[in-house]
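For this chain, numbers begin at 1 and follow the sequence in order. All ligand and atom numbering here is 1-based and tracks the order in the structure.
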Amino acid sequence: MGKATAIINAAVPQEQETVSGKIVIGTVEGDMHDIGKTIVVSLLRANGFEVLDLGRDVAPHRFIEEAEKFSADIIGSSTLLTTTMGVQKELEEELKKAGLKEKYKTIVGGAPVTQRWANRIGADAFAQDAGDGVKKVTQLLAK
Ligand code: B12
């Protein structure tokens with residue numbers, strides 16, 4: 001899967017002239033799965049979004065610090081483990097604590113993640129795959 005992702009990334013155009021929004025994205029702390037997240041990053045870039053990929057094992061405070069530095073519009077998090085889904089909730093809580101919940105839209109994804117989970121933790125959007133991710137990010141930026 002890792003090798004296939006590298007081939008897909010090389011084939012997808014990485015940059016366009018118009019930037020329609022800035023997204024910080026990563027796999028949450030404690031989770032090393034990054035194949036799906038990397039596909040999402042590629043597709044977002046191919047659709048003209050500026051994306052800062054934080055990689056994997058990203059703590060909530062790091063998502064926030066990097067979003068501030070990058071002047072992001074959206075923070076996206078990925079998790080493949082049920083045991084690390086709670087980190088997406090922690091991210092929402094830390095954003096609220098820092099008074100930044102209104103500043104950034106959040107989108108969550110990963111195999112165990114659902115719209116119901118997004119609603120429960122207060123995330124602004126959920127996407128079931130990379131194509132849906134591009135659609136939801138576009139909708140969030142239009143709000
Ligand atoms: C590949 C894989 C691995 C690889 C990961 C390699 C890598 N660099 O990512 C390796 C071998 C390292 C691995 C390790 C482990 N794995 Co694993 N792994 C998988 C496997 C087979 C495929 C996951 C995958 O890549 N899917 C393909 C991608 C394309 O799909 P996706 O991630 O869902 O992403 C799509 C969408 O969800 C969405 N999306 C994803 N993220 C985001 C984010 C945003 C913002 C948006 C908008 C959308 C979005 O878009 C993506 C593209 O369409 C799954 C089983 C399965 N069949 O799903 C198990 C699985 C996820 N692993 C599992 C486990 C348990 C582990 C380990 C804990 C095993 C162990 N005991 O060591 C470790 C994890 C260690 C850790 N701390 O993270 C379990 C999780 C169980 C659970 N319910 O929590 C699974 C389900 C296997 C199983 N049936 O038990 N794993």
Side-chain angles (χ1 to χ4, degrees), residues 1-16 18-96 98 100-143:
M1 278 299 282
K3 284 180 187 168
T5 309
I7 293 167
I8 293 164
N9 285 345
V12 173
Q14 295 294 304
E15 284 183 38
Q16 286 194 350
T18 35
V19 172
S20 24
K22 293 174 92 177
I23 301 129
V24 162
I25 188 167
T27 300
V28 300
E29 188 171 27
D31 191 343
M32 300 302 156
H33 296 88
D34 64 354
I35 295 169
K37 180 268 301 163
T38 305
I39 294 172
V40 174
V41 169
S42 295
L43 215 62
L44 285 170
R45 285 183 177 150
N47 280 274
F49 298 101
E50 201 177 330
V51 185
L52 177 63
D53 184 356
L54 301 177
R56 50 196 181 179
D57 198 20
V58 183
H61 70 86
R62 222 186 123 223
F63 276 102
I64 297 171
E65 285 160 15
E66 298 291 343
E68 287 283 279
K69 279 193 255 169
F70 189 60
S71 302
D73 304 296
I74 296 177
I75 300 176
S77 63
S78 176
T79 182
L80 266 283
L81 299 173
T82 45
T83 49
T84 53
M85 286 172 72
V87 182
Q88 292 182 326
K89 185 165 180 261
E90 281 171 39
L91 174 59
E92 296 295 331
E93 288 164 357
E94 287 206 18
L95 279 169
K96 273 185 215 141
L100 295 170
K101 178 62 193 154
E102 300 307 315
K103 185 172 176 185
Y104 300 108
K105 300 284 184 199
T106 54
I107 181 164
V108 289
V113 177
T114 58
Q115 181 61 57
R116 198 169 163 201
W117 172 247
N119 295 345
R120 193 169 139 198
I121 65 173
D124 297 295
F126 154 74
Q128 62 185 6
D129 56 36
D132 190 32
V134 170
K135 199 172 104 190
K136 297 286 171 58
V137 160
T138 307
Q139 287 170 357
L140 285 178
L141 289 165
K143 278 186 185 172

For this session: Could you please tell me which protein N, O or S atoms lie under 2.8 Å from atom 17 (Co) of ligand 1?
Result: H33 NE2
Exercise. Can you find a pair of side-chain heavy atoms, one from V134 and one from L44, that are under 4.5 Å apart?
Worked result: yes
Exercise. Any side-chain heavy atom of D129 sitting closer than 4.5 Å to one from D132?
Worked result: yes
For this session: Side-chain contact test, heavy atoms from C-beta onward, threshold under 4.5 Å: evaluate it for L95 versus I75 and give yes or no.
Result: yes
For this session: Say whether T83, considering both its backbone and side-chain N or O atoms, lies within less than 3.5 Å of an N or O atom on ligand 1.
Result: no
Exercise. Has ligand 1 got any nitrogen or oxygen that is less than 3.5 angstrom from a nitrogen or oxygen of G76?
Worked result: no
Problem set entry | atom 9 (O) of ligand 1 within contact range, any protein heavy atom under 4.0 Å | yes
Exercise. Do any nitrogen or oxygen atoms of S77 come within less than 3.5 Å of a nitrogen or oxygen of ligand 1?
Worked result: no
For this session: Return the residue, atom name and 0.1 Å-rounded distance of the protein heavy atom closest to atom 33 (O) of ligand 1.
Result: A111 N, 3.6 Å
Problem set entry | Non-hydrogen protein atom less than 4.0 angstrom from atom 76 (C) of ligand 1 | yes
Exercise. Is N119 close to F126 at the side-chain level, that is, under 4.5 Å between some pair of heavy atoms?
Worked result: no
Seminar exercise, completed: Nearest heavy-atom approach of V24 to F70 is CG2-CD2, 3.6 Å
Exercise. Under the 3.5 angstrom rule, does the side chain of Q88 hit a backbone N or O of V28 as a donor-acceptor pair?
Worked result: no
Problem set entry | Residues forming a salt bridge (Lys or Arg N to Asp or Glu O under 4.0 Å) with D124, sequence neighbours excluded | K101
For this session: Could you find the nearest protein heavy atom to atom 41 (N) of ligand 1 and give me its residue, atom name and distance?
Result: S78 OG, 2.7 Å
Problem set entry | Distance filter under 4.0 Å to R56 heavy atoms, resulting ligand 1 atoms | 8 (N)
Problem set entry | Within 6.0 Å of NZ in K135, more than 12 heavy atoms from elsewhere | no
Problem set entry | Considering all heavy atoms, the nearest A125-K136 contact | CB-CB, 4.3 Å
Exercise. Can you name the closest pair of heavy atoms from G122 and T106 and give their distance?
Worked result: O-OG1, 4.4 Å
For this session: Verify, without hydrogens or angle tests, whether S42 (side chain) and T38 (backbone) share a donor-acceptor contact under 3.5 angstrom.
Result: yes
Exercise. Is there any N or O on D129 that sits under 3.5 Å from an N or O of ligand 1?
Worked result: no
For this session: Write out the residue and atom name of the closest protein heavy atom to atom 48 (C) of ligand 1, then the distance separating them to 0.1 Å.
Result: V40 CG2, 3.6 Å
Side-chain donor/acceptor pairs under 3.5 Å, residues 58-66, sequence neighbours excluded:
from, atom 1, to, atom 2, distance (Å)
H61, ND1, E65, OE2, 3.1

For this session: Return a yes/no value: protein heavy atom under 4.0 Å from atom 71 (N) of ligand 1?
Result: no
For this session: Identify the two heavy atoms, one from L141 and one from G21, that lie closest to each other, and give their separation to 0.1 Å.
Result: CD1-CA, 3.9 Å
Problem set entry | Heavy-atom check, side chain of I121 versus side chain of V108, under 4.5 Å | yes
Problem set entry | Test item: D31 side-chain N/O and T27 main-chain N/O as donor-acceptor pair under 3.5 Å | no
For this session: For salt bridge (charged side-chain N to carboxylate O under 4.0 Å, His left out), just list the numbers for E93 and K89, CA-CA rounded to whole Å, side-chain angles, deciding distance to a tenth of an Å, and then say yes or no.
Result: CA-CA 6 Å; E93 288 164 357; K89 185 165 180 261; 3.4 Å; yes
For this session: I would like to know whether H33 and T84 meet side chain to side chain contact (heavy atoms under 4.5 Å, CB included); could you show each step before the answer?
Result: CA-CA 11 Å; H33 296 88; T84 53; over 6 Å; no
For this session: Flag atom 27 (C) of ligand 1 as yes if some protein heavy-atom distance to it falls below 4.0 Å, otherwise no.
Result: yes
Exercise. Who pairs with S78 by side chain to side chain donor-acceptor pair (under 3.5 Å), at least two apart in sequence or on another chain?
Worked result: none
Exercise. Is there a nitrogen or oxygen of A130 sitting under 3.5 Å from a nitrogen or oxygen of ligand 1?
Worked result: yes
For this session: Take atom 61 (C) of ligand 1 and look for protein heavy atoms under 4.0 Å from it; say yes if you find one, no if not.
Result: yes
For this session: Would you mind checking which non-hydrogen protein atom is closest to atom 40 (C) of ligand 1, with the distance to 0.1 Å?
Result: G110 N, 3.3 Å
Problem set entry | Whether D57 side chain and E29 backbone form a donor-acceptor pair below 3.5 Å | no
For this session: Find all atoms of ligand 1 within a distance of less than 4.0 Å from any non-hydrogen atom belonging to D31, and give their numbers and elements.
Result: 78 (O)
Exercise. Can you tell me which residue and heavy atom of the protein come closest to atom 31 (P) of ligand 1, and the distance to 0.1 Å?
Worked result: G36 CA, 4.0 Å
Problem set entry | I107: numbered ligand 1 atoms lying under 4.0 Å from its heavy atoms | 45 (C), 47 (C)
For this session: Please indicate, with yes or no, if any protein heavy atom is found under 4.0 Å from atom 2 (C) of ligand 1?
Result: yes
Problem set entry | Heavy atom of the protein closest to atom 7 (C) of ligand 1 (residue, atom name, distance) | D34 OD1, 3.4 Å
For this session: Give the numbers and elements of all ligand 1 atoms closer than 4.0 Å to a heavy atom of A127.
Result: 47 (C), 48 (C)
For this session: Please write down residue, atom name and distance for the protein heavy atom closest to atom 6 (C) of ligand 1.
Result: I35 CD1, 4.0 Å
Exercise. Looking at atom 81 (C) of ligand 1, is any protein heavy atom nearer than 4.0 Å to it?
Worked result: no
Exercise. Judging by distance only, is a nitrogen or oxygen of G30 under 3.5 angstrom from one on ligand 1?
Worked result: yes
Problem set entry | Nearest-neighbour protein heavy atom for atom 36 (C) of ligand 1, which is reported as residue plus atom name and distance | Q128 O, 3.3 Å
For this session: Indicate whether atom 20 (C) of ligand 1 is within a distance of less than 4.0 angstrom of some protein heavy atom.
Result: no
